[in-house]
Chemist: 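Take a look at the following structure, please.
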2 protein chains.
Amino acid sequence: MSADSVRERLLAGRAGPDRASGSAADRVHDALRADLLAGHLSYGERLVEEQLAERFHTSRTPVREALRRLETDGHVVRDPAGGVRPNPPRVSAMRDVYAVRFVLEDLVVTLAARGAGQADREALERLRVEWLELREAWPQLRDQIDWPDFVHADESFHEGIARASGNRAALRYLRDVNERIRVLRIHDFTTADRIEATIEEHLEILDAACAGEVATATALMATHVEASASVVEARVGTLLARMFDAGEGEL
Amino acid sequence: MSADSVRERLLAGRAGPDRASGSAADRVHDALRADLLAGHLSYGERLVEEQLAERFHTSRTPVREALRRLETDGHVVRDPAGGVRPNPPRVSAMRDVYAVRFVLEDLVVTLAARGAGQADREALERLRVEWLELREAWPQLRDQIDWPDFVHADESFHEGIARASGNRAALRYLRDVNERIRVLRIHDFTTADRIEATIEEHLEILDAACAGEVATATALMATHVEASASVVEARVGTLLARMFDAGEGEL
DNA sequence: GGTCCGGTGGCTGTATACAGATCCGTTCGA
DNA sequence: TCGAACGGATCTGTATACAGCCACCGGACC
């Protein structure tokens with residue numbers, strides 16, 4: 001397996017499902033979501049349907065729908081004065097979502113490691129092979145990718161576990177959780193150390209899960225998610241402080 | 001506290017937030033949701049924007065929005081042939097959602113019983129008083145209410161715990177969980193026995209939580225939710241079998 | 001008889017006009 | 001000078017027309 005193909009897979013989920021061929025509502029939604037995640041919109045800025053329609057060369061109808069979707073995903077909040085504005089990240093809200101993530105990740109890794117179905121076990125094994133390849137390829141990749149993009153590889157790992165759990169509801173809720181904390185988790189992988197540690201942790205979890213060692217797998221997963229939460233909280237704390245100083249957002 | 005006022009509180013949440021004054025989209029959404037929960041729509045029936053607009057004396061625009069909301073709440077699914085149709089309940093999907101509910105209820109009761117904040121502790125105490133009153137009033141209420149309506153009282157108990165946990169994300173996800181299993185949970189409270197047992201279990205949980213006995217509270221909550229799952233699954237199993245015999249839905 | 005192809009109806013996606021609510025500035029009066 | 005009412009700008013909610021897609025159906029050809 002070449003480093004290039006691993007790199008391709010790693011970057012595949014970067015912008016989410018890249019549906020250039022989708023409806024106008026999809027286009028607007030994806031574009032705004034990307035802007036929000038990249039921090040291109042300041043938190044005071046109001047997003048007004050008419051203006052967005054003009055910007056995306058479409059009418060208000062698709063824009064309306066896109067804004068509603070962004071709202072239910074927690075990316076924007078309604079402004080009493082009309083329109084919506086980017087939902088400023090708060091440390092307290094992040095802690096709440098992470099607490100939910102802990103218990104959901106524990107649930108899916110338990111189910112996956114218990115491995116009732118043959119198909120689930122095989123899915124775990126495939127995931128393990130992928131991450132073995134990624135570890136192999138990392139020395140070459142580290143100069144070729146923007147490290148924050150690694151968050152998408154990380155998400156695909158956790159999504160893989162959730163799939164292997166066979167619990168579709170848990171998968172759906174974990175996706176929602178990821179959607180809500182992605183804007184912050186981008187700040188997780190900013191050093192090579194963090195990425196290399198993450199790769200090792202993922203492989204340890206997969207080893208335990210594939211071996212059916214439920215207790216080991218859940219313990220490792222708890223440590224893994226805990227570490228991510230700590231790193232993100234530390235980084236985000238200083239980030240929010242900086243934005244606050246700059247008068248860009250409210251805490 | 002009179003039985004009447006308890007009854008009033010108990011039935012308050014019956015139809016969800018009853019916003020007769022809301023937008024047309026809200027009206028359509030609430031009406032369709034009520035129909036779906038009451039089982040007034042057969043699972044084969046396609047809901048088409050134009051027809052619904054005529055039925056509710058409005059245009060397609062609010063109907064569109066209502067259908068999208070019902071879709072994200074899992075009440076309807078898109079039909080490849082156009083429109084949406086009621087999402088037929090499946091036992092396997094119910095088990096998945098209940099597995100998520102287990103871990104979320106465990107999380108919130110843990111947080112609530114740990115009771116970091118004074119306000120949370122007071123909220124728990126108020127909830128306990130409400131259920132003491134409900135137990136008191138039950139002998140009179142049992143002839144005055146449709147027992148399935150008790151599901152709304154039950155939900156308000158669990159929502160109260162989630163509020164007292166102080167974790168807004170968990171509260172949001174539990175609301176979503178409730179939204180998805182309500183159509184089935186209606187079949188939980190069809191006997192006086194079940195209702196009386198539920199009241200006692202709620203009070204035991206609240207006693208433990210108010211006393212800060214975390215382990216006891218979580219154990220009681222687990223037993224409580226487990227019992228609900230069993231009862232619902234048994235009832236729903238026969239219900240789905242009957243619908244299937246009648247050719248109304250697909251499994 | 002089966003399969004492929006083109007027509008056709010139905011439904012969604014989108015554009016656009018209009019109505020109603022709300023907020024802000026201004027002006028008039030005390 | 002302060003307050004209240006008026007007016008206008010702005011934005012969302014809703015109605016409606018139009019365009020395009022897609023499944024379904026019927027017929028022709030293999």
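By convention in this document, chain letters (A, B, ...) are assigned in the order of the sequence lines, proteins followed by strands, and residues within each chain are numbered from 1.
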Chemist: Under 4.0 Å, heavy atoms only, any strand: does A/Ala81 hit a base, just the sugar-phosphate, or nothing?
Modeler: nothing

Chemist: Below 4.0 angstrom, N of the basic side chain to O of the carboxylate: do B/Glu50 and B/Arg60 qualify?
Modeler: no

Chemist: Check whether any side-chain nitrogen or oxygen of A/Thr61 sits under 4.0 Å from OP1 or OP2 of C/dT14, and answer yes or no.
Modeler: no

Chemist: In whole angstroms, how far is the C1' atom of D/dC11 from the CZ atom of A/Arg85?
Modeler: 16 Å

Chemist: Can you check the A/Asp26 CG to C/dT14 P distance for me, whole Å?
Modeler: 8 Å

Chemist: Once you round it to whole Å, what is the distance between P of C/dA15 and CD of A/Glu65?
Modeler: 12 Å

Chemist: Figure out the CD/P separation between A/Glu50 and D/dT10, and round it to whole Å.
Modeler: 11 Å

Chemist: Using a strict threshold of under 4.0 Å (side-chain N to carboxylate O), is an ion pair present between A/Glu71 and A/Arg78?
Modeler: yes

Chemist: Taking B/Leu47 as the fixed residue, which of B/Leu52, B/Asp35, B/Asp79, B/Val63 is the one that meets the side chain to side chain contact (heavy atoms under 4.5 Å, CB included) rule?
Modeler: B/Leu52

Chemist: Could you tell me whether B/Arg175 and B/Glu179 have a side-chain N and a carboxylate O separated by less than 4.0 Å?
Modeler: no

Chemist: Measuring to OP1 and OP2 of D/dA15, would you say a side-chain N or O of B/Thr58 lies under 4.0 angstrom away?
Modeler: yes

Chemist: So does B/Arg46 reach the base of C/dG10 with its side chain, donor to acceptor, closer than 3.5 Å?
Modeler: no

Chemist: Strictly below 4.0 Å: does A/Arg64 bring a side-chain N or O up to OP1 or OP2 of D/dG13?
Modeler: yes

Chemist: Send over the distance from B/Asp79 CG to D/dC24 C1', rounded to a whole Å.
Modeler: 13 Å

Chemist: Would you mind reading off the distance between B/Leu47 atom CG and C/dG10 atom P, rounded to a whole angstrom?
Modeler: 18 Å

Chemist: Looking at B/Asp176, B/Val177, B/Leu184, B/Asn178, which hits side chain to side chain contact (heavy atoms under 4.5 Å, CB included) with B/Val97?
Modeler: B/Val177

Chemist: Starting at the 5' end of DNA chain C, which residue's closest nucleotide do you reach first, B/Leu67 or A/Pro80?
Modeler: B/Leu67

Chemist: In whole angstrom, give the distance that lies between atom CZ of A/Arg69 and atom P of C/dG13.
Modeler: 10 Å

Chemist: Could you pick out which residue, A/Arg60 or B/Glu49, lies toward the 5' side of DNA chain C when each is mapped onto its nearest nucleotide?
Modeler: B/Glu49

Chemist: Whole Å only: how far is the CD atom of A/Glu54 from the C1' atom of C/dT16?
Modeler: 15 Å

